[in-house]
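None of these values were measured; they are calculated from a predicted model. The chain is numbered in sequence order, starting from 1. Side chains are part of it too, since the values below use all heavy atoms of this structure and drop only hydrogens, waters and symmetry mates.
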Amino acid sequence: EVQLVESGGGLVQAGGSLRLSCAASGFTFDDYAIAWFRQAPGKVREGISCINPGDGNSYYADSVKGRTTISSDNAKNTVYLQMNSLKPEDTAVYYCAAAVFASDVVTTSQTTGDMMPYEYDYWGQGTQVTVSS
């Protein structure tokens, strides 16, 4: 059974940091792109970062670039999202997702500057991040 389980969300003050985790099981981890999306109330789901665990290639949305790092621990089948300098507008439910053809997904996001939810085949349940001012 394919599973993606997010953890690490919570309540932090503006300027603080969180590290989110996505633990994957049931598929060959480094054959998939692993991504983080977020969705705030009343807003569209936004792709913020993705990584190809097979070669480490990654993409960041402009909204988080420079204060966010995505990484993979392939031995643990886990992807992390380290978020620093958090802002109230970062408040959202954060979702982990996985897509086949990892190299194409990540390089396409680098080219287009966007991440398309329809490219992703598996999704986690989400973890809430709340940033207070």
Side-chain angles (χ1 to χ4, degrees):
E1 180 183 355
V2 173
Q3 287 188 314
L4 297 170
V5 180
E6 303 96 331
S7 61
L11 174 64
V12 298
Q13 293 183 329
S17 299
L18 283 174
R19 189 178 75 159
L20 307 182
S21 298
C22 173
S25 62
F27 60 94
T28 304
F29 182 74
D30 59 1
D31 288 344
Y32 288 73
I34 309 297
W36 287 97
F37 290 77
R38 66 186 181 187
Q39 188 164 23
K43 294 188 178 294
V44 69
R45 188 164 296 190
E46 174 192 16
I48 58 173
S49 187
C50 58
I51 188 169
N52 176 359
D55 61 14
N57 198 27
S58 61
Y59 161 83
Y60 299 93
D62 288 343
S63 58
V64 301
K65 191 177 298 181
R67 59 191 183 95
T68 300
T69 302
I70 191 168
S71 61
S72 65
D73 186 336
N74 294 7
K76 296 181 178 180
N77 286 355
T78 300
V79 166
Y80 304 98
L81 190 74
Q82 177 70 44
M83 301 189 70
N84 304 318
S85 301
L86 285 162
K87 308 172 182 179
E89 53 262 44
D90 294 319
T91 295
V93 177
Y94 283 69
Y95 297 92
C96 179
V100 298
F101 305 113
S103 62
D104 289 343
V105 169
V106 175
T107 57
T108 296
S109 290
Q110 292 172 333
T111 299
T112 64
D114 204 358
M115 295 168 56
M116 296 290 100
Y118 64 77
E119 294 179 330
Y120 290 84
D121 303 288
Y122 306 106
W123 293 81
Q125 82 291 341
T127 185
Q128 176 72 47
V129 171
T130 302
V131 184
S132 64
S133 58

Can you check whether G8's main-chain N or O pairs, donor with acceptor, with S21's side chain at less than 3.5 Å?
no
Could you tell me whether a side-chain N or O of S49 sits under 3.5 Å from a main-chain N or O of Y59, the two making a donor and an acceptor?
yes
Could you state the interatomic distance from [atom1] ([X]) to [atom2] ([Y]), rounded to the nearest 0.5 Å?
X: S103; Y: N52; atom1: OG; atom2: CG; answer: 6.0 Å
X: E46; Y: Q39; atom1: CD; atom2: CD; answer: 10.5 Å
X: S63; Y: K87; atom1: OG; atom2: NZ; answer: 8.5 Å
X: S109; Y: Y60; atom1: OG; atom2: OH; answer: 13.0 Å
X: E6; Y: Q125; atom1: CD; atom2: CD; answer: 4.0 Å
X: L86; Y: T68; atom1: CG; atom2: OG1; answer: 7.5 Å

Check: [Y] and [X] side chains under 4.5 Å, non-hydrogen atoms:
X: R38; Y: L81; answer: no
X: V131; Y: M83; answer: no
X: M115; Y: T108; answer: no
X: Y32; Y: V100; answer: yes

Just to verify, which of I34, I51, T111, N57 counts as forming a side-chain contact (heavy atoms from CB on, under 4.5 Å) with V106?
N57
Ignoring hydrogens and geometry beyond distance, is a side-chain donor-acceptor pair present between S72 and N74 at under 3.5 Å?
yes
Mind checking whether [X] and [Y] sit in one hydrophobic cluster, side chains of I, L, V, M, F, W, Y counted as touching below 4.5 Å?
X: Y120; Y: L20; result: no
X: F101; Y: F27; result: yes
X: V105; Y: L4; result: no
X: V79; Y: Y122; result: yes
X: W36; Y: V12; result: yes

Over all heavy atoms of both residues, which pair between [X] and [Y] is shortest? Give the atoms and the distance, please.
X: G9; Y: T127; result: N-OG1, 3.3 Å
X: S133; Y: P88; result: CB-CG, 4.0 Å
X: S58; Y: I70; result: CB-CG2, 3.8 Å

Above 12 or not: heavy atoms from other molecules or residues under 6.0 Å from NZ of K65?
yes
Can you tell me if CD on Q13 sees more than 12 non-hydrogen neighbours from other groups inside 6.0 Å?
no
When F37 is tested against each of Y95, Y118, W123, Y94 for ring-ring contact (aromatic ring centres under 6.0 Å, His included), which residue passes?
W123
